[in-house]
> 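This is the structure, below, for whatever I ask next.
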Amino acid sequence: MCDKNKVYHSYFIKGKKIVEIAKEENVSQPAITKILQQFPEYEQEKERRKAENKEKHKQKTIEYIKEKRAEAKKSEKEEREEIIQDFLNNVQAIDYIDEYIEEYLCKKYNKSKHEIRFYLIGIPLYEKIMKSRESSTVAGMDRLHQIELRKTLKRKKLGEQALYEACQSSYEYNFKTQRMDFTEKHGAKPYNLKKSYSVHTFKTGYVEELQNNVEEEKRTSSTEKKALNL
């Protein structure tokens with residue numbers, strides 16, 4: 001039978017754990033707990049130790065997460081530097097940068113092509129290659145567009161109205177003749193485009209707007225004359 005006072009002193013004064021006291025007294029943990037339950041301050045001390053252990057566990061968890069994040073960040077930085085160096089070492093032998101990224105870098109580092117490109121952004125040589133390729137792509141697209149446009153014009157001629165509407169901004173309304181006259185403000189007149197059109201030839205929004213403006217000016221003018229005569 002262990003000493004009750006000794007158990008009290010070990011637990012409350014020295015702050016030892018129940019498992020430590022049980023080992024010292026060579027008895028079971030439930031036996032020590034049963035002795036401590038005889039003291040009124042036991043429940044309060046028990047709750048205090050429980051809250052203290054919970055807080056310690058929380059702090060340890062936070063420190064562990066910070067440590068792991070720091071390791072991951074360091075690892076990611078080292079991996080990024082390795083990818084960049086790999087790119088710089090092999091860039092001279094690269095014929096197609098997309099295939100190099102997808103077939104080599106992505107497989108080697110187990111990354112998506114978007115992640116690899118994100119790592120390479122800001123590298124002067126990579127930026128230079130991408131700008132050069134972008135310029136070549138735009139030039140190629142312009143060339144293809146011109147070829148397709150020529151093919152279209154050969155296959156089918158534009159109708160007169162479609163041609164007029166395409167060049168409508170180059171026409172101005174002549175109030176005297178009530179016709180749309182071509183002006184060279186946007187360039188010389190194409191050979192197949194008329195110098196002028198009657199406003200009644202094609203009903204377009206622009207012509208209707210001009211006609212409405214003319215009618216409005218006439219009404220305003222007649223109203224002003226009547227007012228002056230009065």
Side-chain angles (χ1 to χ4, degrees), residues 49-171 183-193 202 204-206 208-209:
R49 291 192 181 193
K50 185 177 179 180
E52 184 180 2
N53 290 334
K54 187 177 180 180
E55 184 63 27
K56 285 181 179 179
H57 177 73
K58 181 180 177 181
Q59 292 300 324
K60 285 183 179 179
T61 303
I62 292 172
E63 289 175 5
Y64 175 79
I65 292 172
K66 286 182 178 180
E67 184 180 345
K68 287 297 179 182
R69 284 179 178 174
E71 290 177 0
K73 191 174 182 180
K74 183 180 179 182
S75 176
E76 183 180 357
K77 184 179 178 181
E78 292 174 351
E79 187 176 47
R80 180 177 183 272
E81 291 176 352
E82 187 178 347
I83 291 172
I84 292 171
Q85 193 60 46
D86 199 335
F87 170 77
L88 294 175
N89 291 339
N90 296 284
V91 69
Q92 300 299 333
I94 297 173
D95 293 325
Y96 302 100
I97 191 168
D98 291 328
E99 291 182 5
Y100 170 72
I101 289 175
E102 293 178 17
E103 299 297 327
Y104 180 72
L105 292 179
C106 290
K107 291 181 179 179
K108 181 178 179 180
Y109 297 97
N110 194 25
K111 298 282 185 182
S112 68
K113 61 181 181 181
H114 302 293
E115 289 176 308
I116 298 293
R117 291 184 183 278
F118 178 76
Y119 289 154
L120 296 176
I121 289 174
I123 306 302
L125 191 56
Y126 174 76
E127 297 287 349
K128 183 179 179 180
I129 292 173
M130 295 307 293
K131 284 181 180 179
S132 175
R133 190 180 73 166
E134 184 179 349
S135 300
S136 301
T137 303
V138 171
M141 289 178 67
D142 289 342
R143 178 63 180 163
L144 287 173
H145 177 69
Q146 291 175 5
I147 293 171
E148 290 299 322
L149 182 59
R150 288 175 184 174
K151 289 180 180 178
T152 303
L153 292 174
K154 285 180 180 178
R155 287 195 304 266
K156 181 180 178 182
K157 291 184 178 179
L158 289 174
E160 191 174 4
Q161 180 167 354
L163 187 62
Y164 167 73
E165 289 177 353
C167 303
Q168 186 173 313
S169 60
S170 296
Y171 284 84
T183 61
E184 295 188 353
K185 57 184 178 181
H186 296 305
K189 183 183 76 64
Y191 75 94
N192 56 347
L193 200 62
F202 305 123
T204 62
Y206 178 61
E208 290 177 357
E209 184 181 353

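Computation of the quantities below employed the complete heavy-atom set of this structure, encompassing side-chain atoms and omitting hydrogens, waters and symmetry-equivalent molecules.
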> Tell me every residue that passes ring pair (Phe, Tyr, Trp, His ring centres under 6.0 Å) with Tyr109, counting only those two or more places apart in sequence or in another chain.
none
> Can you name the closest pair of heavy atoms from Arg80 and Tyr119 and give their distance?
NH2-O, 3.1 Å
> Passes side-chain contact (heavy atoms from CB on, under 4.5 Å), Ile83 versus Lys108? Steps please.
CA-CA 9 Å; Ile83 291 172; Lys108 181 178 179 180; over 6 Å; no
> Which atoms form the tightest heavy-atom contact between Ser112 and Cys106, and what is the distance?
C-SG, 3.7 Å
> Return the CD to CD distance between Glu63 and Glu67, rounded to the nearest 0.5 Å.
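Between atom CD of Glu63 and atom CD of Glu67 there are 9.0 Å.
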> Please step through side-chain contact (heavy atoms from CB on, under 4.5 Å) for the pair Gln59 and Glu55, ending with a clear verdict.
CA-CA 6 Å; Gln59 292 300 324; Glu55 184 63 27; 3.1 Å; yes
> Is the number of heavy atoms from other residues, nucleotides or ligands under 6.0 Å of Asn110 CG greater than 12?
no
> Short question: side chain of Asp86, backbone of Glu82 - any donor-acceptor pair under 3.5 Å?
no
> To the nearest 0.5 Å, tell me how far His57 NE2 sits from Ile62 CD1.
10.5 Å
> To the nearest 0.5 Å, how far apart are CZ in Phe87 and CD1 in Ile101?
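Spacing of CZ (Phe87) from CD1 (Ile101) equals 7.0 Å.
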> Rounded to the nearest 0.5 Å, how far does CG of Leu105 lie from CD1 of Ile84?
11.0 Å
